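A quick note: this is a predicted structure, and the numbers were derived from the prediction, not measured. When reading the values below, keep in mind they use all heavy atoms of this one structure, side chains included, and skip hydrogens, waters and symmetry mates. In what follows, chains are A, B, ... by sequence order, proteins preceding strands, each numbered from 1.
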Protein chains: 2
Amino acid sequence: MPRTLPEPSVDSFDLTVILSALADPGRRALMTALFRSSEPVDCAVIVEEADLGLSNPTISHHYRILREAGLIRSVADGRKRIVRVRREDMETRFPGLLQAVLGGH
Amino acid sequence: MPRTLPEPSVDSFDLTVILSALADPGRRALMTALFRSSEPVDCAVIVEEADLGLSNPTISHHYRILREAGLIRSVADGRKRIVRVRREDMETRFPGLLQAVLGGH
DNA sequence: CCAATCATTCGATCGTTGTCGAATTATCAT
DNA sequence: ATGATAATTCGACAACGATCGAATGATTGG
């Protein structure tokens with residue numbers, strides 16, 4: 001049942017797109033929350049943790065940006081979305097980047 | 001004689017500002033060229049190396065963004081500007097970030 | 001089937017940003 | 001002084017991006 005939403009292959013990762021995605025504070029808050037748990041998580045839980053004051057359309061938009069940048073994988077399971085950080089893929093292409101951006105505090 | 005242009009203190013570094021600065025391909029090209037030489041360099045030389053197809057006002061603008069983000073130090077010496085990466089300061093606040101962004105290619 | 005739920009898409013707004021040409025400033029060399 | 005050189009500032013413009021409310025889509029539970 002669950003289908004993985006469209007995402008870029010590791011080879012087509014684009015540093016400009018990735019850094020633009022990470023440059024937004026809201027998206028970085030989502031990523032930081034996601035980065036803490038290495039397990040796939042219900043995206044709504046992450047939204048609660050991050051506690052941004054943003055509307056649903058905006059949150060959805062941010063998740064899309066993160067996904068299309070290759071930072072996260074998003075799996076549609078029923079009405080829910082299960083998300084996780086693409087750690088290994090990121091590590092392959094840009095080693096140390098996620099740690100440097102999200103690791104500190 | 002030479003005067004250092006205004007720049008943020010290490011304490012006031014802002015990751016959003018830094019990532020936004022690094023998200024632009026042109027600025028990243030400048031940074032990559034700068035990152036290679038650890039010595040202060042005439043900024044015009046870097047511009048040649050980077051070989052962007054941009055006007056002088058735009059280059060100047062990009063240098064300003066990098067400086068105001070805390071990524072580079074810019075010293076006015078006569079008509080020239082001597083620039084260098086603020087490696088240690090960046091390493092203090094965001095260890096591994098510059099390496100992750102500029103190191104690979 | 002119907003209603004509730006979770007997420008996305010659409011359309012609009014509005015601030016931000018990259019870019020340039022022209023004008024300006026500052027400095028150096030003659 | 002005068003003119004040449006390096007860089008910045010200014011004013012403009014187009015493109016982009018973050019945001020929202022409303023509408024739509026998809027799925028689950030009764």
Side-chain angles (χ1 to χ4, degrees), chain A residues 1-7 14-31 34 40-69 71-84, chain B residues 1-7 14-31 34 40-69 71-84:
Chain A
M1 319 294 211
R3 62 177 235 283
T4 299
L5 274 54
E7 65 184 23
D14 180 347
L15 187 51
T16 297
V17 174
I18 289 174
L19 290 177
S20 300
L22 290 172
D24 183 89
R27 287 194 290 265
R28 222 163 48 240
L30 290 175
M31 284 297 292
L34 257 178
V41 173
D42 182 337
C43 80
V45 173
I46 296 297
V47 170
E48 276 187 15
E49 275 186 38
D51 190 34
L52 322 167
L54 298 175
S55 70
N56 266 348
T58 301
I59 297 285
S60 185
H61 166 71
H62 284 321
Y63 270 123
R64 170 197 273 262
I65 299 287
L66 292 173
R67 174 172 54 83
E68 290 181 346
L71 285 161
I72 66 175
R73 172 161 302 150
S74 205
V75 177
D77 187 11
R79 284 174 299 190
K80 302 207 180 299
R81 299 291 179 272
I82 310 301
V83 288
R84 93 187 89 162
Chain B
M1 320 279 320
R3 63 177 232 280
T4 299
L5 273 54
E7 66 184 22
D14 180 348
L15 187 51
T16 297
V17 174
I18 288 174
L19 290 177
S20 300
L22 290 172
D24 182 88
R27 288 194 289 264
R28 222 162 47 241
L30 290 175
M31 283 298 292
L34 256 179
V41 173
D42 182 336
C43 80
V45 172
I46 296 297
V47 170
E48 278 187 13
E49 275 185 38
D51 190 33
L52 322 168
L54 298 175
S55 69
N56 266 348
T58 301
I59 297 285
S60 185
H61 166 72
H62 285 321
Y63 270 124
R64 169 196 275 260
I65 298 288
L66 293 174
R67 173 172 54 85
E68 290 181 345
L71 285 161
I72 66 175
R73 172 160 302 150
S74 205
V75 177
D77 187 10
R79 284 174 300 188
K80 303 207 181 298
R81 299 291 179 272
I82 309 301
V83 287
R84 93 188 103 188

Quiz prompt | DNA chain D: 5'-most and 3'-most nucleotides touching chain B, 4.0 angstrom heavy-atom criterion | solution = D/dA4 to D/dT9
Distance check, rounded to the nearest 0.5 Å: [X] atom [atom1] versus [Y] atom [atom2]?
X: B/I18; Y: B/L66; atom1: CD1; atom2: CG; value: 11.0 Å
X: B/I46; Y: B/L52; atom1: CD1; atom2: CG; value: 11.0 Å
X: A/D14; Y: A/L19; atom1: CG; atom2: CG; value: 9.0 Å

Quiz prompt | Close side-chain approach of B/I72 and B/E7, heavy atoms under 4.5 Å | solution = no
Quiz item: Are B/E49 and B/L34 close enough that some pair of their side-chain heavy atoms sits under 4.5 Å apart?
Solution: no
Practice problem: Name the nucleic acid region contacted by A/R27, choosing base, sugar-phosphate or nothing; use a 4.0 angstrom heavy-atom cut-off, strictly under. | Solution: sugar-phosphate
Practice problem: Indicate, with a heavy-atom threshold strictly under 4.0 Å, whether B/L54 touches base, sugar-phosphate, or nothing. | Solution: sugar-phosphate
Just the table, please: protein N/O against nucleotides 7-12 of chain C N/O, every pair under 3.5 Å.
from  : atom 1 : to    : atom 2 : distance (Å)
C/dA7 : O3'    : A/R81 : NE     : 3.3
C/dT8 : OP2    : A/S60 : OG     : 2.6
C/dT8 : O5'    : A/S60 : OG     : 3.1
C/dT9 : OP1    : A/R64 : NH2    : 3.3
C/dT9 : OP2    : A/R64 : NH2    : 2.7

Exercise. Starting from C1' on C/dC20, measure out to NE2 on B/H62 and report it in whole angstrom.
Key: 12 Å
Exercise. Could you tell me whether the side chain of B/R84 and the main chain of B/V41 form a donor-acceptor pair under 3.5 Å?
Key: no
Donor-acceptor contacts, no H, no angles, side chain residues 56-64 of chain A, under 3.5 Å, sequence neighbours left out:
from  : atom 1 : to    : atom 2 : distance (Å)
A/T58 : OG1    : A/S55 : OG     : 3.1
A/H62 : ND1    : A/R27 : NH1    : 3.1
A/Y63 : OH     : A/C43 : O      : 3.0
A/R64 : NH1    : A/E68 : OE2    : 2.9

Self-check item: For B/P6 against B/R67, the heavy-atom pair lying closest together
Solution: O-NH1, 2.6 Å
